[in-house]
Amino acid sequence: IIVCWNEVPESADLNRMILGKATKLESQFRITYNMILNLLRTQGEFRVEDMIKRSFSEFSSQRLLPEQQQLLTKAREQLDKVDAISCIFGDPDIQNYYPLHARSVELEARLQLTILSSRSGQQALTLGRVVIVHSQEFPNLLGVILRGDPAKQYQVFVLAPEYNSSKPVAVRMPLLSRAVSGKLIDIPLASIARICKQKLKVDLSRFFDDRGRPVNDKIAKNTLSQQLVALLDEFPYGPGEIDQQRELKLMDLDFVEQYSQFRQLQAQMSQSKCSSCPKLSEQYEQMDHQQKLIDTVSSLAFALSEENLQLMPEFQQRLTVLERLQYISPDKTVLIKGRVAREINTCSSELIACELVFENVLTHLHPAEIIALMSCLVFQEKSTVEPQLTGPLEQAKDHMIAIATGLANLQYECGLPISVKEFLKNINLGLAEAVYEWARQMVFECFSFCCASTHARTRAHANARP
């Protein structure tokens, strides 16, 4: 609804108001050191975390809390119903074996991506090359390359058991899937999980005719299936991968390091009693289901915790700054410097003002000079002219800039995105000269002339810019 009190707006204005992009609402809530110190002094009656929760930036996440709480309760109930894993060899070791295998699969996927992206890796996928295929449709199968194109698809003969198509297998089992017969499948290059070092003799003419159409030669399929079954009996976890350094010539430093880690994981897995357990695949799937529930519970618990608040990292970083400056103790008790800083409300930086006091910068200054120096933390107008200051006031200004530089570096070290240049903008000397003369009780006529002169120099300096 657009209320027109007088004339109806132009059509372009109406179009912009109705169809234009709406102004995005953004939270203006900011955490300050003064706020932290004041709330820490309340001794838990009202915390900074409570302030953050009530800010507009947390509105959307706080609105989802009831739903997330229900999901967390449901996930915990499901986790409690999971049966304990029993081992035929005594104490179950699947809890140790599972992360090793999961990490091994992750590393092998990275290595395989590098191999398949290389020219030598694609050249190795020739007729008769033994490979391990893994996808949701064809999980962890042993096969042999018949033909293919890296840019398109490969035709692979695999030992494939009959899976229920309505239940895709998302977990890559440690043991390869077994079958008594094989079939021909088409897969993309990304579905090749391992290039093995073995090659089998295959007569391609017994699988495809002259026009490239598949031929149903049962004798050839049975012969090839028997060869794959023999490999599977010898290597339940699949034949070893092709030598990357000697045969594929992959010598990249990152690749070699990841391959070394992969080999170490393989060695640790082979030493586990799970490696010889006939129920490994069944227990691995059970452990994977349990681990997913644990991850879901952890994720939801974190989403409901105060650590998930958007401004919580900045709050922790500012607490670190205050602790290193000795404004608060390690147990979050406000110390004497913090009590002084919490009383400073009108300055652009309470840290600079407090450090000026505790480093005795103001001790040897005249009261008028103190007022002029402190005006640098209050004045916000733009000014490009250097004021004419007294000698002690000039030294105090340099000392204040050094303090501000140290504070900026400290905050940056603690993780806050604050640069020295940006933090020095808290110091503005534009009014220092006029404040100094006013504090010395200069007569109003002379004081007005001083302010006018400062303003004139500022305008002249601005007009002189190219």
Side-chain angles (χ1 to χ4, degrees), residues 30-41 48 314-440:
R30 298 292 181 269
I31 298 177
T32 64
Y33 294 107
N34 186 277
M35 175 196 302
I36 296 174
L37 293 170
N38 276 285
L39 291 177
L40 289 178
R41 287 282 291 172
V48 177
E314 180 185 349
F315 171 55
Q316 297 296 339
Q317 291 161 358
R318 290 185 180 272
L319 280 178
T320 304
V321 172
L322 292 175
E323 186 174 337
R324 290 184 60 176
L325 290 173
Q326 297 183 354
Y327 285 52
I328 61 175
S329 63
D331 61 351
K332 307 300 182 292
T333 301
V334 181
L335 304 177
I336 183 65
K337 290 178 69 175
R339 295 178 184 178
V340 173
R342 66 185 287 267
E343 300 297 336
I344 302 175
N345 299 312
T346 57
C347 290
S348 56
S349 174
E350 55 271 72
L351 296 184
I352 297 178
C354 188
E355 292 300 314
L356 287 174
V357 174
F358 281 90
E359 291 195 16
N360 296 323
V361 178
L362 310 179
T363 303
H364 304 291
L365 295 180
H366 187 273
E369 294 173 333
I370 295 176
I371 296 175
L373 185 67
M374 299 306 293
S375 71
C376 302
L377 301 176
V378 179
F379 185 57
Q380 297 181 353
E381 299 295 330
K382 292 184 179 180
S383 176
T384 57
V385 176
E386 287 290 332
Q388 299 177 2
L389 305 177
T390 63
L393 192 54
E394 188 73 32
Q395 294 179 1
K397 180 203 73 172
D398 295 338
H399 199 162
M400 180 168 60
I401 292 176
I403 290 174
T405 302
L407 289 172
N409 290 328
L410 174 61
Q411 292 176 91
Y412 184 79
E413 291 174 7
C414 293
L416 292 169
I418 296 176
S419 64
V420 174
K421 182 179 179 181
E422 188 68 24
F423 194 69
L424 287 179
K425 291 181 180 180
N426 290 312
I427 302 175
N428 191 341
L429 299 167
L431 203 62
E433 183 180 354
V435 170
Y436 174 71
E437 299 299 341
W438 167 78
R440 291 176 58 212

S.K.: How many angstroms lie between OH in Tyr33 and CD in Gln411, if you round to the nearest 0.5 Å?
M.R.: 3.5 Å
S.K.: If the condition is side chain to side chain donor-acceptor pair (under 3.5 Å), which residues does Gln326 pass it with, not counting sequence neighbours?
M.R.: none
S.K.: Can you list the residues that meet the side chain to side chain donor-acceptor pair (under 3.5 Å) rule with Tyr436, with sequence neighbours excluded?
M.R.: none
S.K.: How many angstroms lie between atom CD1 of Ile352 and atom SG of Cys354, to the nearest 0.5 angstrom?
M.R.: 11.5 Å
S.K.: Can you name the side chain to side chain donor-acceptor pair (under 3.5 Å) partners of Glu413, sequence neighbours left out?
M.R.: Arg324
S.K.: Enumerate the residue pairs fulfilling salt bridge (Lys or Arg N to Asp or Glu O under 4.0 Å) with a member in residues 417-429, sequence neighbours excluded, ordered by first and then second residue.
M.R.: Glu422-Lys425
S.K.: Report the distance from atom CG of Leu319 to atom CG of Leu37, rounding to the nearest 0.5 Å.
M.R.: 9.0 Å
S.K.: Taking side-chain hydrogen bond (donor to acceptor under 3.5 Å, both in side chains) as the cut-off, I'd like each qualifying pair that reaches into residues 334-343, sequence neighbours left out, listed once.
M.R.: Asn38-Arg342, Lys337-Glu355
S.K.: Are Ile328 and Ile36 close enough that some pair of their side-chain heavy atoms sits under 4.5 Å apart?
M.R.: no
S.K.: As an exercise, state the distance from CD of Glu359 to CE of Met400, rounded to the nearest 0.5 Å.
M.R.: 12.5 Å
S.K.: Minimum heavy-atom separation for Thr333 to Asp331, with atom names?
M.R.: OG1-OD1, 3.1 Å
S.K.: Using a 4.5 Å cut-off on heavy atoms from C-beta on, say whether the side chain of Leu407 contacts that of Ile418.
M.R.: no
S.K.: State the CD1-CE distance between Ile344 and Met374, to the nearest 0.5 angstrom.
M.R.: 6.5 Å
S.K.: Looking at CD of Gln316 and CG of Leu416, how far apart are the two atoms once the value is rounded to the nearest 0.5 Å?
M.R.: 11.5 Å
S.K.: I would like to know whether Phe379 and Val435 meet side-chain contact (heavy atoms from CB on, under 4.5 Å); could you show each step before the answer?
M.R.: CA-CA 10 Å; Phe379 185 57; Val435 170; over 6 Å; no
S.K.: Closest approach of Ala372 and Leu393, non-hydrogen atoms and distance?
M.R.: CB-CD2, 3.9 Å
S.K.: What pair of heavy atoms forms the shortest contact from Ala408 to Ser419, and how long is it?
M.R.: CB-O, 4.1 Å
S.K.: At their closest point, which heavy atom of Ala396 faces which heavy atom of Val361, and how far apart are they?
M.R.: CB-CG1, 4.0 Å
S.K.: Which heavy atom of Pro392 sits nearest a heavy atom of Leu365, and at what distance?
M.R.: O-CD2, 3.6 Å
S.K.: May I ask you to test the Leu39-Met35 pair for a side-chain heavy-atom distance under 4.5 Å?
M.R.: yes
S.K.: Kindly check if the number of other-residue, nucleotide or ligand heavy atoms within 6.0 Å of CZ (Phe358) is above 12?
M.R.: yes
S.K.: Under the rule for side chain to side chain donor-acceptor pair (under 3.5 Å), what residues qualify as partners of Asn345, not counting sequence neighbours?
M.R.: Asn34
S.K.: Does Phe423 offer a backbone N or O that forms a donor-acceptor pair with the side chain of Asn426 under 3.5 Å?
M.R.: yes
S.K.: Quick one: does Leu322's side chain get under 4.5 Å of Leu351's, heavy atoms only?
M.R.: yes
